[in-house]
Amino acid sequence: MGLLIKRDLRKRPGQAISMLLLALIAGVLANVGLLLATDYAHNLAAKQAAWNAPQAVVLVGHLPGWETVVSDLTRDSAVRQVEAQPGWLARVTLAYGGNDLSTLAFVYDADSPVDLGRRTITSRTEVPLDRPVWVPAAFGASGNYALGDPITLTTATGAVRFHIQAFVEDTYTGTPGFGLLAFGLPGKGFADFTDSSFAPATMVKVAAADIPAATDAIGRATKQSFPVASYWDLNGDLLTAGAAMSAGIFSTVLIAFALVIVAVAVVIMRFLLRTALAEDITIIGVLRACGHTTGGIIASLAATFALVTVVGSAVGVALSYVALPTVARVLTAQSGVTWQVIFAPVTMLGIVGALTGVVGLLAAASGAALRRLPTAVALRGGGAPHTYRSSQLPLATTRLPLAPALGVKAALQQWRQSLVLVLTIAMVTFAAVFSLGMTSSLLGSPDATIRLLVGELEDVDVTVHAGVDAHQLATRLASVPGVTTAFPTSAAGVSVRGTNMIMLVTDDPSVWRDDPVYEGRLPRHDNEVVLAAPVASRLGLRIGDTWQGDVGSGEVPFLVTGLASGARGMGQFGVLTGAGYLRLDAGFHYETVALYVTGDRDAVITDIKSRFGDDVTTVTDVRASVLVELSSYLSAVPILGATVAGFTVVVVLLGVGLVVATMVVRSRRQFGVQKALGFTHREIARQVRWAAVPSVALGALVGAVVGALTLAPLIRALLSGIGIMKVNVVPELAQVVGVSVAVISLAWLVTWFVARRLRGISAYALVTE
Amino acid sequence: MLHTAAPIAEHHATVDDPVIVTEKLSKTFSTGGTQQHVLKNLDLTVERGSFTVIMGPSGAGKSTLLYALSGMDRPSLGRVTVDDVDISGFSEDRLARFRRDHCGFVFQQIYLLDALSVMDNVMAVGLLTSRDKAAVRTRADELFDLVGLSAQDRRKFPSMLSGGEAQRVGIVRGLINNPAVLFADEPTGQLNSEYGRLVLDLLSRVHESGQTIVMVTHDVKSAARGERIVYLRDGSIAGDLDLRSHSVDDGERTRAAVGFLAGLGW
Ligand SMILES: Nc1ncnc2c1ncn2[C@@H]1O[C@H](COP(=O)(O)OP(=O)(O)OP(=O)(O)O)[C@@H](O)[C@H]1O
Ligand SMILES: [Mg+2]
């Protein structure tokens with residue numbers, strides 16, 4: 001049997017190498033995908049446990065009576081542990097990854113001991129620094145910062161400058177996309193810190209049985225004793241969801257593509273097995289005549305293929321560990337939590353085992369047919385290849401020229417082979433169209449990206465000074481050159497049954513450029529609300545239902561008029577009219593004016609700052625800030641696109657190459673006869689192309705059409721986890737056609753290359769054989 | 001007068017009108033460092049309309065000669081001229097085009113294309129030289145009628161044919177392009193005697209209608225169908241017999257052939 005395996009490998013080196021490559025690719029993709037789906041999520045949970053991570057965090061401003069929040073929480077029986085950490089809070093702007101990021105900054109004492117929500121230092125410098133600061137690890141991973149670098153926090157009144165002494169990570173203050181970043185001041189730094197823009201605040205961390213218990217407790221504490229809700233709440237649940245989200249998209253696409261590859265590999269392997277058996281049928285007959293059992297013969301063939309699969313997939317899994325650090329870096333930048341890739345032998349064994357099992361099963365299935373074949377028939381070559389019965393496209397009547405006609409006839413007659421081509425090409429074309437479409441729809445243009453991921457977003461935010469009427473200011477701002485629309489707006493954090501959401505408030509949401517509602521309509525009256533899809537589904541609400549809003553002064557009913565799409569607050573948001581919000585909070589007034597701007601946003605911002613300096617505190621380029629927040633998510637997309645595109649090319653090469661090469665080898669004798677009869681090399685090569693390329697074209701067409709049709713639904717499925725339901729991704733015709741043309745051209749090239757082997761077939765060799 | 005004279009003049013012209021002329025034709029194979037001279041300085045002329053039989057012991061170079069004459073292979077030295085065109089220096093592609101235009105082949109192993117129906121086997125070759133499908137089809141049907149293959153047989157696939165039927169398809173295929181010369185390398189070698197005779201009868205009839213034929217055979221009876229026997233030994237012509245003066249009907253040719261071959265140590 002070992003002898004047979006050796007012979008099989010020697011006889012078919014091309015096929016063995018192709019199988020090896022397919023198994024290798026499947027191994028790489030499956031391992032990366034599976035580790036993301038399992039180990040990465042596990043890593044987050046493990047770190048939360050190791051750091052004694054709080055289930056919820058609330059930032060409390062030092063308004064009169066704020067201390068009762070802490071004491072109430074401490075007394076709450078549902079709460080396991082409470083820890084209050086004093087600090088300073090301000091809205092700041094800072095440079096991050098080449099852009100300006102607008103965020104809340106919480107400054108804390110890096111030396112004060114922490115038990116709940118411990119932080120880990122991932123790296124630090126011992127070089128003495130002027131005003132040292134500890135910053136989230138994400139700053140190193142994606143913010144373009146290094147140890148020792150200066151970092152400037154620009155506030156409404158000035159700027160604070162530090163130098164980075166350490167990168168730290170925790171589960172709740174290190175994600176740039178989350179709106180709050182924490183800065184630790186070591187040594188005397190915290191005691192000496194003063195800045196007029198920073199207000200004293202306390203971060204209250206709450207540990208409870210689970211997240212709802214913790215957020216419920218916070219809701220009780222802030223409602224009863226702290227009437228004005230001036231806090232910023234972070235929900236650990238959402239953080240984890242957010243961090244896992246992009247890993248989820250990543251792993252979903254990788255696993256999906258690994259499955260496509262496995263499917264392609266299965267189709268090709270099946271084909272190879274059948275070919276191998278068909279070629280060996282006489283030898284099998286001889287062996288059987290000599291007394292070998294069919295089982296033993298099949299087992300040897302299956303063992304050959306299984307051996308190749310074991311080696312290929314094991315090497316693939318091993319190679320994936322070369323790619324994983326890059327993936328880990330991208331994910332660390334997104335979550336702020338370092339992911340140390342560990343070697344997972346169980347996953348490896350699982351992948352290798354599963355792939356080998358599939359191949360083994362295939363071999364057994366192919367062998368079963370062989371078992372029924374009588375030895376005498378096997379000895380005569382099985383008779384199988386010669387049982388042509390019907391003649392499609394008779395040459396006497398077909399309109400095709402000779403070489404195309406002969407090629408197409410061959411393709412029709414060897415329909416199994418053609419089917420392999422169609423399926424292979426359809427699957428990879430689909431994968432390529434989808435990944436390209438996803439890449440371009442997520443990255444195509446900043447505006448498109450924001451519209452898809454965030455939804456409605458103004459260009460510039462102007463925060464008004466206390467005492468200034470936002471409506472009046474909006475009217476005046478509307479007359480600034482470059483400003484097309486100005487309206488008061490608010491994005492307030494509200495607590496509903498212990499869970500927090502962002503409430504987008506504006507007098508008339510119909511002025512928005514982008515309607516985020518994907519079902520129903522925006523609110524028009526003060527008793528109407530629109531909820532983001534995840535909020536609605538969490539609360540079990542549908543259009544027409546009543547939502548009980550509550551920001552601390554009692555429940556107020558609102559009619560749900562629509563469901564919104566968008567990733568604001570990780571999909572935890574709602575929309576109210578200004579009058580509607582007043583019913584929730586009688587003391588509400590707008591503090592921000594939203595601007596739509598044409599042309600140069602920076603010029604408009606400078607203009608407003610100089611003209612309205614007395615009435616406004618900050619003027620923020622919202623789009624730029626949001627793009628910074630999104631950048632860490634988006635950075636994963638091109639990697640994904642490139643990976644999928646690369647594997648597509650390899651699979652097209654392998655699939656087409658194998659099928660065509662097999663066809664050439666099988667038809668060697670026929671081509672020799674044709675040459676003897678006066679066919680030129682070029683005519684036969686043309687015939688071979690016509691036998692393969694129509695199937696490739698059909699596959700490309702099917703794959704492209706399916707890819708184009710499913711692009712939007714699939715992206716919607718991927719993004720629905722963070723509340724994005726309204727996916728207006730329109731596949732670009734040029735792109736779809738481009739991919740198809742590229743696949744067909746590539747296939748044509750492969751065919752051309754393989755057909756060069758035909759030169760080696762001589763008419764003369766045939767007649768003297 | 002001119003009208004009646006013309007055919008006679010033509011007839012005379014065909015008598016010594018060469019189709020194939022070789023000059024010092026040599027073929028050498030080198031295998032593993034050693035050189036094997038398979039054809040040595042052969043001078044041979046095949047006349048138009050003749051039926052030439054090549055005989056000789058196994059390994060004498062009969063097939064090699066046949067395929068050098070038909071442009072299947074290039075001579076190592078010397079020249080092969082067909083219809084006054086020197087094909088010795090042709091490229092592979094030019095040789096292929098030359099073969100389709102001037103040569104028909106009937107192989108011992110028949111070599112029909114398994115994937116094509118009987119009709120398509122013939123059409124595929126016919127369409128190499130003509131774009132007129134209807135005309136090729138008509139010619140194919142005439143030839144099928146000639147060899148006695150029914151319309152039903154023409155729709156069959158090679159695997160469904162008996163050896164004799166298959167070789168008849170082979171003959172139709174060899175003739176479809178009206179070749180200057182029909183080459184046959186042991187066309188009856190794989191057939192039983194009955195089918196063999198049938199195929200030889202066909203070749204004779206084709207020859208009678210004016211077709212030039214060059215045939216390799218081991219069989220004296222087959223050889224007696226020809227007009228000339230060229231005997232090859234060790235790559236050289238050891239004997240050349242004109243049989244035209246002997247009558248076919250009373251077995252005189254066969255006796256002449258046997259005598260000729262006996263003299264050569266057959
Ligand atoms: N391509 C080749 N390479 C090397 N040697 C060759 C090649 N073709 C033929 N020969 C050798 O040339 C010699 C003549 O071969 P050829 O096939 O012409 O003989 P033949 O007379 O047709 O014999 P047979 O009656 O057995 O068919 C043989 O010794 C053969 O081995
Ligand atoms: Mg021979």
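To find a chain, count down the sequence lines: A is the first, B the second, and so on, and within it residues start at 1.
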Crowding at CZ, Arg689(A) (>12 non-hydrogen neighbours, <6.0 Å)
yes

Applying salt bridge (charged side-chain N to carboxylate O under 4.0 Å, His left out) as the test, list every pair that has at least one member in residues 160-179 of chain B; sequence neighbours left out.
none

Where the side chain of Arg99(B) meets the backbone of Lys675(A), is there a donor-acceptor pair that is under 3.5 Å apart?
yes

CD of Gln670(A) to CG of Leu112(B), rounded to nearest 0.5 Å, is 11.5 Å

Counting only heavy atoms not in Gln35(B), do more than 12 fall under 6.0 Å of its CD?
yes

Quick one: of Val122(B), Val125(B), Asp93(B), who has the most non-hydrogen atom pairs under 4.5 Å with chain A?
Asp93(B)

Mind checking the CG-NZ spacing from Asp120(B) to Lys409(A)? Nearest 0.5 Å is all I need.
3.5 Å

Distance (rounded to the nearest 0.5 Å) between Ser91(B) OG and His681(A) NE2:
12.0 Å

How many angstroms lie between atom CG of Leu395(A) and atom NZ of Lys133(B), to the nearest 0.5 angstrom?
7.0 Å

One pair to check against side chain to side chain contact (heavy atoms under 4.5 Å, CB included): Phe105(B) and Val673(A). What are the steps and the verdict?
CA-CA 10 Å; Phe105(B) 294 94; Val673(A) 174; over 6 Å; no

Out of curiosity, Leu113(B) CG to Leu406(A) CG, how far, rounded to the nearest 0.5 Å?
8.0 Å

Under 4.5 Å heavy-atom distance to chain B, tell me which part of Ser667(A) shows up: side chain, backbone, both or neither.
neither

More than 12 foreign heavy atoms under 6.0 Å from CG of Asn192(B): is that the case here?
yes

Roughly how far, to the nearest 0.5 Å, is the CD atom of Gln413(A) from the CG atom of Leu116(B)?
7.0 Å

Pick out which of Arg94(B), Glu92(B), Arg100(B) makes a side chain to side chain contact (heavy atoms under 4.5 Å, CB included) with Thr680(A).
Arg100(B)

Identify which part of Leu127(B) has an atom lying under 4.5 Å from any heavy atom of chain A, answering side chain, backbone, both or neither.
both

